[in-house]
Amino acid sequence: MNTTTVRPSRNTLVDCVHTATTAPSLHNSQPWRFRIEGAAVEVYADPARRLDVVDPAGREQLISLGAAVFTLRLAIQRAGYHVELTTFPRPDEPDLVARVVGGRPVAVNPATEALAEAIPHRHTNRRPFAQTPVPPEALHHLVDAARREGAVLTVASPAGRDQIMAMAFEAGRRLRDRPGYREELDRWTGYRPRHDGVPVWAVGPWDALEAVPVRDFGELSELRRPVEPFEPYPTILVLSTDGDRRPDWLRAGQALQRVLLTATWQNLATTPISQPVEVPEVRKQLSDAATGLHAQMVLRVGYGKVAGRSPRRPVSEVLLPDRAP
Ligand SMILES: Cc1cc2nc3c(=O)[nH]c(=O)nc-3n(C[C@H](O)[C@H](O)[C@H](O)COP(=O)(O)O)c2cc1C
């Protein structure tokens, strides 16, 4: 009997890494590096790409890495291989956050295919959304997507939404008072063509109604940011985990990307809003002491016009050389 298992080739895995780099990341910092070893892809945090002012603990860096890990898993599955995931495989190497191994060939199921199809169409949308309500079934799919990755997604009630939006505005004010905040934001706003950061065209307008707390990218620029009315009653979701350590942050990132792709698959536009989880006192109010849930991210979903594709670094820049034999 022939027991040889065909594993994904290096070329296939390079393609999957390329797909993984389309994941969302805080300020498009793309804080990841990858190493291919046989049928395994190791995912590393890049310490030089942590945002010390808004993310001193590296929580959002791990969320960004988690989003890349989920995308990598999905890309390998879509290529027709079983996936084995080990998170933090070597305790003496904390920057090695995951090892994703392409295993035996398997048939691609339609759900995997549908999510994978959404990958190139997912973009952060910072523009006004339509006032059309998001149907409960669509929200149910998002809640289920988070659950499948071991996280909890809560749909804010109208009263909860107003409170969360107020917290986000308050967090934005506090962040602006934090030393180095504006300079850090400015460093990651792309005024000139580059392969990372948030390009000025992606920044979007200010909300004339002041209902949606859009991030203050490009504030130091001389470009005037237009003002437009956003939807007055945004649909707001809170992504939480039951723990609040590095593995929980990585899990939150995988859940985030599964939720975002599930939204994209349903033609929903999405905006991560992380100001309220960047100020510890505000984050505490958003977390649920009764259930022990820790808020990791706030999301806005709705129906929007098509958003553009933000830049990414080429794969050659994120692939680490093979380990010395
Ligand atoms: C952890 C995390 C936090 C983010 N926070 C915000 C935010 O507060 N405001 C915002 O407009 N976008 C936020 N984003 C979206 C990123 O800016 C976006 O993913 C990145 O610029 C790449 O663009 P893309 O999502 O269109 O591919 C966040 C994304 C992640 C993963």
Side-chain angles (χ1 to χ4, degrees), residues 19-32 45 49-51 53-55 57-71 118-129 151 164-165 167-169 171-172 175-176 181 184-185 187-190 194-207 212-219 225 230 234 236 238-239 241 248-261 263-264 269-279 282-283 286 295-301 304 306-313:
T19 303
T21 64
T22 64
S25 59
L26 178 62
H27 297 7
N28 200 16
S29 51
Q30 304 167 44
W32 40 63
R49 288 177 170 268
R50 203 185 71 203
L51 276 68
V53 178
V54 282
D55 187 32
R59 190 183 60 82
E60 290 187 87
Q61 182 180 42
L62 275 170
I63 292 181
S64 306
L65 282 153
V69 169
F70 180 78
T71 318
I119 295 174
H121 304 289
R122 183 217 57 81
H123 307 297
T124 297
N125 189 325
R126 302 183 183 87
R127 310 197 67 81
F129 292 171
I164 295 167
M165 295 297 87
M167 285 180 204
F169 279 109
L175 286 169
R176 281 192 287 281
Y181 174 75
E184 185 178 74
L185 204 57
R187 269 203 303 284
W188 289 100
T189 307
R194 55 190 269 194
H195 293 306
D196 56 8
V198 177
V200 271
W201 59 256
V203 163
W206 290 116
D207 181 5
V212 177
V214 277
R215 177 77 84 163
D216 38 10
F217 291 109
E219 224 190 31
R225 200 165 163 178
F230 279 54
I236 297 296
V238 181
L239 182 72
T241 50
D248 303 299
W249 302 340
L250 193 70
R251 188 172 312 120
Q254 294 179 76
L256 172 69
Q257 179 68 334
R258 193 171 188 131
V259 169
L260 295 175
L261 293 176
T264 307
T270 54
T271 331
I273 298 177
S274 56
Q275 300 93 306
V277 287
E278 287 164 2
V279 175
V282 178
R283 182 170 177 233
L286 207 55
Q296 303 294 354
M297 182 61 63
V298 174
L299 281 178
R300 162 184 174 241
V301 296
V306 176
R309 181 193 307 254
S310 58
R312 291 296 186 277
R313 292 182 293 152

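We count ligands from 1, going down the list as the structure has it; atoms in each ligand are counted the same way. Numbering starts at 1 and runs along the sequence shown. Because the structure is a prediction, the values reported are computed rather than measured.
The closest approach between any non-hydrogen atom of R309 and ligand 1 is not below 4.0 Å. Ligand 1 lies out of reach of Q61, whose nearest heavy atom is not under 4.0 Å from it. Under a 4.0 angstrom heavy-atom cut-off, E278 registers as lying outside contact with ligand 1. Heavy atoms of S25 approach ligand 1 to within less than 4.0 angstrom.
Of the possible donor and acceptor atoms, none in the side chain of Q254 sits under 3.5 Å from a partner among the backbone N and O of V69. Of the possible donor and acceptor atoms, none in the side chain of N125 sits under 3.5 Å from a partner among the backbone N and O of T270. Under the 3.5 Å distance criterion, the side-chain polar atoms of E184 are matched with a main-chain donor or acceptor of V54.
For the residue pair T241 / Q296, a side-chain donor-acceptor distance below 3.5 Å is found, with atom types taken as modelled. At a cut-off of 3.5 Å, with distance as the only test, a side-chain donor of R312 or S310 sits close to an acceptor on the other residue. Of the N and O atoms on the side chains of S274 and R215, at least one donor lies less than 3.5 Å from an acceptor on the other residue. No side-chain donor from either of T264 and R122 sits under 3.5 Å from a side-chain acceptor of the other.
Looking only at protein heavy atoms, the nearest one to atom 6 (C) of ligand 1 is P272 O, 3.4 Å. Given atom 5 (N) of ligand 1, the protein heavy atom at minimum distance is S274 OG, 2.7 Å. The protein non-hydrogen atom at the shortest distance from atom 25 (O) of ligand 1 is T124 OG1, 2.6 Å. Nearest non-hydrogen protein atom to atom 3 (C) of ligand 1 is E60 OE1, 3.3 Å. In this structure, the protein non-hydrogen atom closest to atom 1 (C) of ligand 1 is M297 CE, 3.4 Å. Nearest to atom 11 (O) of ligand 1 among the protein's heavy atoms is R126 NE, 2.6 Å. Of all protein heavy atoms, the one lying nearest to atom 22 (C) of ligand 1 is S310 OG, 3.5 Å.
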Q: Evaluate the criterion salt bridge (charged side-chain N to carboxylate O under 4.0 Å, His left out) for residue pair D55 and R50; output intermediate values, then yes/no.
A: CA-CA 7 Å; D55 187 32; R50 203 185 71 203; 5.6 Å; no

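Scanning for salt bridge (Lys or Arg N to Asp or Glu O under 4.0 Å) contacts around R59 gives an empty result, with sequence neighbours left out. Shown here are the salt bridge (Lys or Arg N to Asp or Glu O under 4.0 Å) partners of R126, two or more places apart in sequence or in another chain: there are none.
By the criterion of a heavy-atom distance under 4.0 Å, the side chain of R312, and not its backbone, is placed next to ligand 1. Residue-level proximity to ligand 1 for N28 is carried by backbone and side chain together, each with a heavy atom below 4.0 angstrom.
Ligand 1 places these atoms under 4.0 Å from at least one heavy atom of V198: 21 (O). The H27 neighbourhood of ligand 1 comprises atoms 17 (O), with distances under 4.0 Å to a heavy atom of that residue. Residue H123 has at least one heavy-atom neighbour below 4.0 Å for each of these atoms of ligand 1: 26 (O). Listed by atom number, the atoms of ligand 1 under 4.0 Å from R122 heavy atoms are 24 (P), 25 (O), 27 (O). Those atoms of ligand 1 that come under 4.0 Å of a heavy atom in P24, given as number and element, are 19 (O), 25 (O), 31 (C). Ligand-side atoms of ligand 1 in range of Q275: 8 (O), range being under 4.0 angstrom from any heavy atom.
At under 3.5 Å, not a single nitrogen or oxygen of T271, backbone or side chain, sits near a nitrogen or oxygen of ligand 1.
No side-chain heavy atom of D207 sits under 4.5 Å from any side-chain heavy atom of P128.
Nearest approach of A168 to P213, heavy atoms of both residues: CB-CG, 3.4 Å.
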